[in-house]
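First the structure, in the form of structure tokens, and then the observations on it.
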Amino acid sequence: MITAPLHTVADPVYDAVRTAVIELIRVGEIRFDSSAGPVYFVLHDVATEQRAHELAAALHAALYGNLAPQRAVIQRLRYS
């Protein structure tokens with residue numbers, strides 16, 4: 001479980017985010033030395049600023065319990 005003042009991230013949410021980061025690394029969307037936690041997430045060499053915003057928004061939503069944007073990001077990777 002990840003905790004911060006006034007906010008706790010449940011283990012299943014953390015696991016989903018970590019899995020998504022690993023998938024982004026696996027498909028080459030971000031560099032292999034990106035970090036999938038446990039304390040913070042780092043996504044190196046995102047292709048464009050627009051893509052960085054999309055990934056950041058999906059990560060933020062996921063950390064607050066909404067995994068739908070993250071699922072959409074991963075689905076697009078698998079079918080592009």
Side-chain angles (χ1 to χ4, degrees):
M1 180 176 307
I2 299 174
T3 61
L6 304 177
H7 185 70
T8 299
V9 177
D11 289 338
V13 171
Y14 167 74
D15 292 342
V17 171
R18 187 175 191 293
T19 298
V21 171
I22 290 168
E23 181 71 7
L24 290 168
I25 293 168
R26 188 189 70 75
V27 301
E29 173 131 2
I30 58 177
R31 237 174 36 209
F32 71 92
D33 60 340
S34 295
S35 176
V39 178
Y40 57 87
F41 301 93
V42 178
L43 309 180
H44 289 294
D45 286 349
V46 178
T48 66
E49 186 173 346
Q50 180 179 349
R51 185 61 172 160
H53 283 283
E54 179 183 23
L55 294 174
L59 174 60
H60 183 268
L63 291 174
Y64 282 87
N66 179 2
L67 295 173
Q70 176 180 292
R71 285 189 202 110
V73 165
I74 297 304
Q75 287 297 326
R76 275 191 299 257
L77 285 175
R78 292 185 179 149
Y79 296 109
S80 58

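Between the CD atom in Q70 and the CG atom in L24 there is a gap of 8.5 Å [rounded to 0.5 Å].
E49 pairs by the side-chain hydrogen bond (donor to acceptor under 3.5 Å, both in side chains) definition with H53, not counting sequence neighbours. With sequence neighbours excluded, no residue satisfies salt bridge (charged side-chain N to carboxylate O under 4.0 Å, His left out) with R18. Applying the salt bridge (charged side-chain N to carboxylate O under 4.0 Å, His left out) rule to R71 yields no partners; only residues at least two apart in sequence or on another chain are considered. Considering only residues two or more places apart in sequence or on other chains, H44 meets the side chain to side chain contact (heavy atoms under 4.5 Å, CB included) condition with R31, D33, S34, V42. Shown here are the salt bridge (charged side-chain N to carboxylate O under 4.0 Å, His left out) partners of E29, two or more places apart in sequence or in another chain: R51. Qualifying salt bridge (charged side-chain N to carboxylate O under 4.0 Å, His left out) partners for D15, counting only residues two or more places apart in sequence or in other chains: none.
One hydrophobic cluster, built from ILVMFWY side chains closer than 4.5 Å, holds both V17 and F32. V27 and I74 fall within the same hydrophobic cluster, where Ile, Leu, Val, Met, Phe, Trp and Tyr residues are linked whenever their side-chain heavy atoms come under 4.5 Å apart, directly or through other members.
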Atom pairs and distances, donor-acceptor, side-chain atoms in residues 55-67, under 3.5 Å, two or more places apart:
residue, atom, partner, partner atom, Å
N66, OD1, A68, N, 3.1

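Residue F41 comes nearest to V21 through the heavy atom pair CD2-CG2, 4.2 Å, listed as atom of the first residue, atom of the second, then distance.
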